[in-house]
Asker: 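For reference, the structure I am asking about is given below.
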Amino acid sequence: MQITDKVALIVEDGIGFVTIDNPPVNALGQSVREGILGGIKAAEVDDSVEIVILIAEGRTFPAGADITEFGKPPMPPALPDVCQVVEDCSKPVIAALHGTALGGGFEIALSAHYRVALATAKIGLPEVNLGLLPGASGTQRMPRITGAGPALDLMLSGKPISAKAAMEMGVIDEVVEGDLKAAAIAYARRLIRAGFGVRKTSERVEGFDNVTNYQTAVDTRRARLKQVAKGQMSPFRIVDCVEAARKLPFAEGMVMERAAFMECLASDQSKGMIHAFFSERQTAKIPEMKVAKPRSLDNLAVIGGGTMGAGIAVAMMDAGMSVVMIERDQESLERGRANVEKVYDRNVAKGRISEAGKASIMQRFTGSVDYGDLADVDLVIEAVFEEIEVKKAVFAQLDGAMKPGAILATNTSYLNIDDLAATISRPEDVIGLHFFSPANIMKLLEIVVPAQVSDDVVVTAFELARRLRKIPVRAGVCDGFIGNRILANYKRAADYMMEDGASPYEIDAAMRDFGYPMGPFQVSDLAGGDIGWATRKRKAASRDPNERYVEIADRICENGWFGQKTQRGYYIYENGARVGQEDPEVLAIIDAERAKKGITPRVFSVEEIQQRYLAAMVNEACNVLAEGIALRPLDVDVTLLYGYGFPRWRGGPMKWADMQGLDVILGRIKDYAKQDAQFWQASKLLEKLVAEGRTFDDLNKGK
Ligand code: 3H9
């Protein structure tokens, strides 16, 4: 019997299968909720049904509430009510799980009386990743079975666990292999034979057995959050709700959970994180996909075995691919191989892989000093020294060595790829693949699209990103592409504030307070001040003489203070410490520079530091958009979230700006321009959006 278009009740031999079919992830949209509710009620009144199995078609048991419904007027039945109907069913209900039983999906399963899962299934409560909490009884039902510790770890990490681990916790009753439906039927028959009936999770108490342990688990998680989740709402509400689960009757706990869920749902934090969730899936959708198919990607190579080249090789090997590394001589090649092995040695030392595992991965690595070995390669990524002449020389060799149709990618982070492509006979095969360091860890991949490249090369680059499990963002050619170009602008705003009166320590602290893991001067110390210094020297001749230039960083570098690697930069890192101490000598350098320019330092509040920093970021992002360097505002958001530490719970700079009000941001820029009209030139795009009353989200939607 079809209950709704997404849910059917099928009765076979006394078993009522409430079957969900809502591809791709069986999200619990209105029609699914109504269908489950209707299916359970229909099974209950059908005398031929002895027991109910809740099961889903396709690739997964429901992966959660339908996130696209959030923010729209609620449509009954609400998910917590559906869960209650499942639990209140007078006939035993078994949830049969496969794929990813996440969020509301797992909460429905927790409301069933028994749970079986395929061994390959994953179970999780990832709501925290959306700035939410399990709002369909998860915070109340799960700890009744497991106690507070395991429940909080699942909810606060947001990471799914295996069916086996879930069974060890007690939230899965049986892990099965093979045909899920057949296994669930066998389980149901055993329950009936053994006379097991309804078992309500809301009435279970084994998780409350040890009151002291329960409260300690709550207290320790809460204390830790104060350090790692400062400023965030949902993690703290999760802890409150789980604490209440033991203290309040179930119905009252549910009221509290509902109120906390609604509070989180209404917050900017969940709006930001939900935006991030959809945006990171959206960046892979590019115009070229509509007109081209990927070329083959079977044989890959990397030129250069330095930090980047080795990291890229590891990223490929980790994704199960083989790679050829080319270096200029045997000695450099050995160093490159050693750089690759170092990563795996660390994994062995940490017990993540065995020696044998490492050996088997290393079989996918081949080294060579002969470009002739690239004859069969489909795609090569050069990661040699960041200097245009060096790269041109490499490209000339690649042009001669590679087969027609092979793709030549450069990992440059700044250089003009159009110029590089123009030096070889096949500019249509040249693309930029800007990995972030460490390349095997960082998820972001800027795919830089030069003017002459073929559409199928662009599509192949996105296919490579998919295979490498990276988050690709399409960028155009300019100095710094999307991320580094915007970074250069907000770093300038930080430098100006430093010269005008804020210490680097105050600026770093203000940006940490905003949610960044590190402030800009800490980042500079980590990356190494010498890199930026070399770039500044290279660009000195072409710098606009009217541009305000802050020399403090140069003075610090002249002392050989390049940051963590020299144990001194903006901070002092005594005995190789990773957290730096403030340095009075740096403050003296800053004072001297201010005096030299006749600047009387003034006080900057935390708020002003944050507002100026972010205004510079948003304004330059608008220029990047207006020039077509980024396709949509969401591409900027994803770039800064994944490559530059922008706090995810703020959604990204463009989403954040939308939530502030673009008129407010523009007003600030105009205000700052009164002191420095050269730097604070409001982007034309920003002005246009404000004049038309539009937002970045409108641009994302093509409005
Ligand atoms: C919740 O449950 C709240 C409750 O506690 C309380 C409620 C009262 N809704 O990721 P993919 C789309 S909060 C709507 O590419 P994969 C996704 O956008 C929810 N749409 O596949 C994409 O669309 P498109 C808690 C969703 O195989 C398509 O499905 N649950 C949802 O790489 C394929 O997705 C979560 O947070 C959704 N819930 O990964 C789980 N989920 O093709 C969120 C996905 O147009 N989901 N879509 O781009 C995931 O983590 C992954 O999607 C999953 C599959 C692991 C399931």
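Below, all heavy atoms of this structure are taken into account, side chains as well, without hydrogens, waters or symmetry copies.
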Asker: Are side-chain heavy atoms of Lys181 and Ile53 found at a separation under 4.5 Å?
Answerer: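 Not in contact.
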Asker: Honestly, is Arg650 close enough over Phe646, meaning NZ or CZ under 6.0 Å from the six-membered ring centre and within 45° of the axis?
Answerer: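 Verdict for Phe646: no cation-pi partner in Arg650.
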Asker: Could you measure the distance from the CG atom of Leu631 to the CD1 atom of Ile482? Nearest 0.5 Å is fine.
Answerer: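 Separation between the atoms: 7.5 Å.
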Asker: Working to the nearest 0.5 Å, report the span between CZ of Phe70 and OG1 of Thr68.
Answerer: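 Taking CZ in Phe70 and OG1 in Thr68, the distance rounds to 9.0 Å.
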Asker: Counting only N and O atoms by type, is there a donor-acceptor contact under 3.5 Å from the side chain of Arg469 to the main-chain atoms of Ala465?
Answerer: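 Side chain of Arg469 to backbone of Ala465: no pair is present.
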Asker: Should Arg141 and Glu87 count as an ion pair when the cut-off is N to O under 4.0 Å?
Answerer: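 Glu87 and Arg141: salt-bridged.
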Asker: Where is the tightest heavy-atom contact between Cys264 and Gly131, given as atom of each residue plus distance?
Answerer: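 Distance-wise, the nearest heavy atoms are CB-O, 3.4 Å.
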Asker: Take Leu464 and Lys470, measure what side chain to side chain contact (heavy atoms under 4.5 Å, CB included) needs, and give me the verdict at the end.
Answerer: CA-CA 9 Å; Leu464 176 70; Lys470 298 283 179 203; over 6 Å; no
Asker: Is there a donor-acceptor pair closer than 3.5 Å between any side-chain N or O of Glu257 and the backbone N or O of Thr139?
Answerer: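 Such a contact is found between Glu257 side chain and Thr139 backbone.
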Asker: Taking the side chain from His98 and the backbone from Gly58, do they hold a donor-acceptor pair closer than 3.5 Å?
Answerer: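 Side chain of His98 to backbone of Gly58, a donor-acceptor pair under 3.5 Å: yes, one is there.
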Asker: May I ask you to decide if Glu107's main-chain N or O and Ser111's side chain share a donor-acceptor pair within less than 3.5 Å?
Answerer: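 Yes: the side chain of Ser111 pairs with the backbone of Glu107.
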Asker: Taking NZ, NE, NH1 and NH2 as the nitrogens, is one of them in Arg199 or Asp173 under 4.0 Å from a carboxylate oxygen of the other?
Answerer: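 Between Asp173 and Arg199 there is a salt bridge, with a charged N closer than 4.0 Å to a carboxylate O.
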Asker: Taking the side chain from Asn213 and the backbone from Asn210, do they hold a donor-acceptor pair closer than 3.5 Å?
Answerer: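 No: the side chain of Asn213 does not pair with the backbone of Asn210.
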Asker: Write down the atom of Ala657, the atom of Phe696, and the distance for their closest heavy-atom approach.
Answerer: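 Closest pair (atom of Ala657, atom of Phe696, distance): CB-CE1, 3.9 Å.
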Asker: With a 3.5 Å distance limit and no angle check, can you tell me whether Lys122 reaches the backbone of Ala163 through a side-chain donor-acceptor pair?
Answerer: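 Not at all, since once roles are kept as given, no pair shorter than 3.5 Å links the two residues.
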Asker: Using a 6.0 Å cut-off, check whether atom CZ of Arg224 has over 12 heavy atoms from anything other than its own residue.
Answerer: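 Counting other residues, nucleotides and ligands, CZ of Arg224 stays at 12 neighbours or fewer.
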Asker: Show, in sequence, the C-alpha distance, side-chain angles and deciding distance for Leu9 and Phe17, and conclude whether the side chain to side chain contact (heavy atoms under 4.5 Å, CB included) test is met.
Answerer: CA-CA 5 Å; Leu9 172 67; Phe17 293 91; 5.8 Å; no
Asker: Could you measure the distance from the SG atom of Cys83 to the CD1 atom of Ile108? Nearest 0.5 Å is fine.
Answerer: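 Cys83 atom SG to Ile108 atom CD1 measures 4.0 Å (nearest 0.5 Å).
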Asker: After noting the C-alpha distance and the side-chain angles of Thr4 and Val32, does the key distance pass the side chain to side chain contact (heavy atoms under 4.5 Å, CB included) rule?
Answerer: CA-CA 7 Å; Thr4 63; Val32 177; over 6 Å; no
Asker: Could you give me the CA-CA distance, side-chain angles and deciding distance for Tyr114 and Leu191, then say whether side chain to side chain contact (heavy atoms under 4.5 Å, CB included) is met?
Answerer: CA-CA 10 Å; Tyr114 301 92; Leu191 281 184; 3.5 Å; yes
Asker: Got a salt bridge between Asp697 and Lys701, using NZ or NE/NH1/NH2 to carboxylate O under 4.0 Å?
Answerer: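 Judged by the 4.0 Å cut-off on N to carboxylate O distance, Asp697 and Lys701 do form a salt bridge.
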Asker: Are Leu125 and Leu102 packed together at the side-chain level, in the sense that at least one heavy-atom pair is separated by less than 4.5 angstrom?
Answerer: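 The answer is no, as the side chains (C-beta and beyond) never meet within the 4.5 Å cut-off.
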Asker: Other residues, nucleotides and ligands only: do more than 12 of their heavy atoms fall within 6.0 Å of NZ on Lys200?
Answerer: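 Count over threshold, so yes.
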Asker: Check for me whether the distance between the ring centres of Phe436 and Tyr644 falls short of 6.0 Å.
Answerer: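 Yes, they do, as the ring centres are separated by less than 6.0 Å.
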Asker: Above 12 or not: heavy atoms from other molecules or residues under 6.0 Å from CZ of Phe196?
Answerer: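 No.
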Asker: Whether Glu263 and Arg237 form a salt bridge (side-chain N of Lys/Arg under 4.0 Å from carboxylate O of Asp/Glu) is what I want to check.
Answerer: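 Here Arg237 pairs with Glu263 in a salt bridge, since their nearest N and O are under 4.0 Å apart.
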Asker: Does the cation-pi check pass for Arg144 over Phe208, that is, NZ or CZ under 6.0 Å from the six-membered ring centre and within 45° of its axis?
Answerer: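 Pair Arg144/Phe208 does not count as cation-pi.
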Asker: So that I can tick it off, tell me whether Asp153 and Arg221 are bridged by a salt bridge, with the cut-off set at under 4.0 angstrom between side-chain N and carboxylate O.
Answerer: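 Looking at Asp153 together with Arg221, the answer is yes, because their closest N to O distance falls below 4.0 Å.
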Asker: Using atom types as modelled and distance alone, determine if a side-chain donor or acceptor of Asn22 lies under 3.5 Å from a backbone N or O of Ala27.
Answerer: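 Looks like yes, one N/O pair under 3.5 Å.
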Asker: Salt-bridge test for Glu69 and Arg33: reply yes if a basic N is under 4.0 Å from a carboxylate O, no otherwise.
Answerer: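 Salt bridge present between Glu69 and Arg33.
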Asker: Do Ile286 and Phe462 have side chains that approach each other closer than 4.5 Å (heavy atoms only, starting at C-beta)?
Answerer: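 When only atoms from C-beta onward are counted, Phe462 and Ile286 do touch, with a gap below 4.5 Å.
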Asker: With no hydrogens and no angle check, is any side-chain donor or acceptor of Ser137 less than 3.5 Å from a backbone partner on Gln140?
Answerer: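 No: the side chain of Ser137 does not pair with the backbone of Gln140.
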Asker: With a 3.5 Å distance limit and no angle check, can you tell me whether Arg115 reaches the backbone of Glu174 through a side-chain donor-acceptor pair?
Answerer: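 It does not hold such a pair.
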Asker: Could you tell me whether Asp268 and Lys655 have a side-chain N and a carboxylate O separated by less than 4.0 Å?
Answerer: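 No, Asp268 and Lys655 are not salt-bridged.
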Asker: How far does OG1 of Thr201 sit from CZ of Phe250, to the nearest 0.5 angstrom?
Answerer: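 It is 8.5 Å, given to the nearest 0.5 Å.
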Asker: Is any NZ, NE, NH1 or NH2 atom of the basic residue among Lys6 and Glu34 found under 4.0 Å from an Asp or Glu carboxylate oxygen of the other?
Answerer: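 No, this pair does not count.
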Asker: Glu127 versus Met155: any side-chain heavy-atom pair under 4.5 Å?
Answerer: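 Not touching, per the 4.5 Å side-chain cut-off.
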Asker: Would you say the side-chain atoms of Glu446 pair up with the backbone N or O of Arg474, donor to acceptor, closer than 3.5 Å?
Answerer: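 Answer holds: no.
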Asker: Are any of the side-chain heavy atoms of Ile94 and Val52 separated by less than 4.5 Å?
Answerer: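 No, their side chains stay 4.5 Å or more apart.
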Asker: Closer than 4.0 angstrom, basic N to acidic O: yes or no for Lys230 and Asp513?
Answerer: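 Salt bridge present between Lys230 and Asp513.
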Asker: Closest approach of Leu444 and Val638, non-hydrogen atoms and distance?
Answerer: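 Taking every non-hydrogen atom into account, CD1-O, 4.3 Å.
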Asker: Pro134 versus Ile238: any side-chain heavy-atom pair under 4.5 Å?
Answerer: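 Side chain of Pro134 against side chain of Ile238, heavy atoms only: contact under 4.5 Å found.
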Asker: Just checking Asp209: does its CG atom have more than 12 heavy atoms from other residues, nucleotides or ligands closer to it than 6.0 angstrom?
Answerer: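 More than 12 within 6.0 Å, yes.
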Asker: Please examine the side chains of Arg632 and Leu699, heavy atoms only from C-beta on, and report whether any two atoms are closer than 4.5 Å.
Answerer: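 Of all side-chain heavy-atom pairs linking Arg632 with Leu699, none is under 4.5 Å.
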Asker: Check whether the side chains of Asn26 and Thr60 place a donor and an acceptor atom closer than 3.5 Å, and report yes or no.
Answerer: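 No, Thr60 and Asn26 have no side-chain donor paired with an acceptor closer than 3.5 Å.
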Asker: For Asp5 and Ser31: C-alpha separation, side-chain torsions, deciding distance, then whether side chain to side chain donor-acceptor pair (under 3.5 Å) applies.
Answerer: CA-CA 7 Å; Asp5 57 335; Ser31 166; 2.5 Å; yes
Asker: For Gln30, does the CD atom sit with more than 12 other heavy atoms under 6.0 Å from it, leaving out its own atoms?
Answerer: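 Enclosed.
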Asker: With the threshold set at 4.0 Å, does a side-chain nitrogen-carboxylate oxygen contact exist between Glu252 and Lys247?
Answerer: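 So Glu252 does not pair with Lys247 through a salt bridge.
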Asker: Side chains of Glu44 and Ser90: any donor to acceptor distance under 3.5 Å?
Answerer: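 Ser90 vs Glu44: donor-acceptor pair found between side chains.
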Asker: Out of curiosity, Glu168 CD to Ser162 OG, how far, rounded to the nearest 0.5 Å?
Answerer: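 One gets 7.0 Å once the value is rounded to the nearest 0.5 Å.
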Asker: Which heavy atom in Ile161 sits nearest to a heavy atom in Met169, and how many Å separate them?
Answerer: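 Nearest heavy atoms, Ile161 then Met169: CD1-CE, 3.6 Å.
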Asker: Under 4.5 Å between any side-chain heavy atoms of Leu225 and Gln227, yes or no?
Answerer: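 No; the side chains remain at least 4.5 Å from each other.
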Asker: Heavy-atom count around Glu607 CD within 6.0 Å, excluding the residue itself: above 12?
Answerer: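 Atom CD in Glu607 is not packed in, count stays at 12 or less.
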Asker: Just by distance, no angles: are the side chains of Glu280 and Tyr642 close enough, under 3.5 Å, to form a donor-acceptor pair?
Answerer: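 Yes - a donor-acceptor pair under 3.5 Å links their side chains.
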Asker: First locate atom CH2 of Trp656, then atom CD1 of Ile665, and finally report the distance between them rounded to the nearest 0.5 Å.
Answerer: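 Rounded to the nearest 0.5 Å, the CH2-CD1 separation comes to 4.0 Å.
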Asker: Taking all atoms of both residues into account, what is the closest heavy-atom pair of Arg189 and Asp13, and its distance?
Answerer: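 For Arg189 and Asp13, the tightest heavy-atom pair comes out as NH2-O, 3.2 Å.
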Asker: Could you report the tightest heavy-atom contact between Ala109 and Leu97, atom names first, then the distance?
Answerer: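 Minimum heavy-atom contact is CB-CD2, 3.8 Å.
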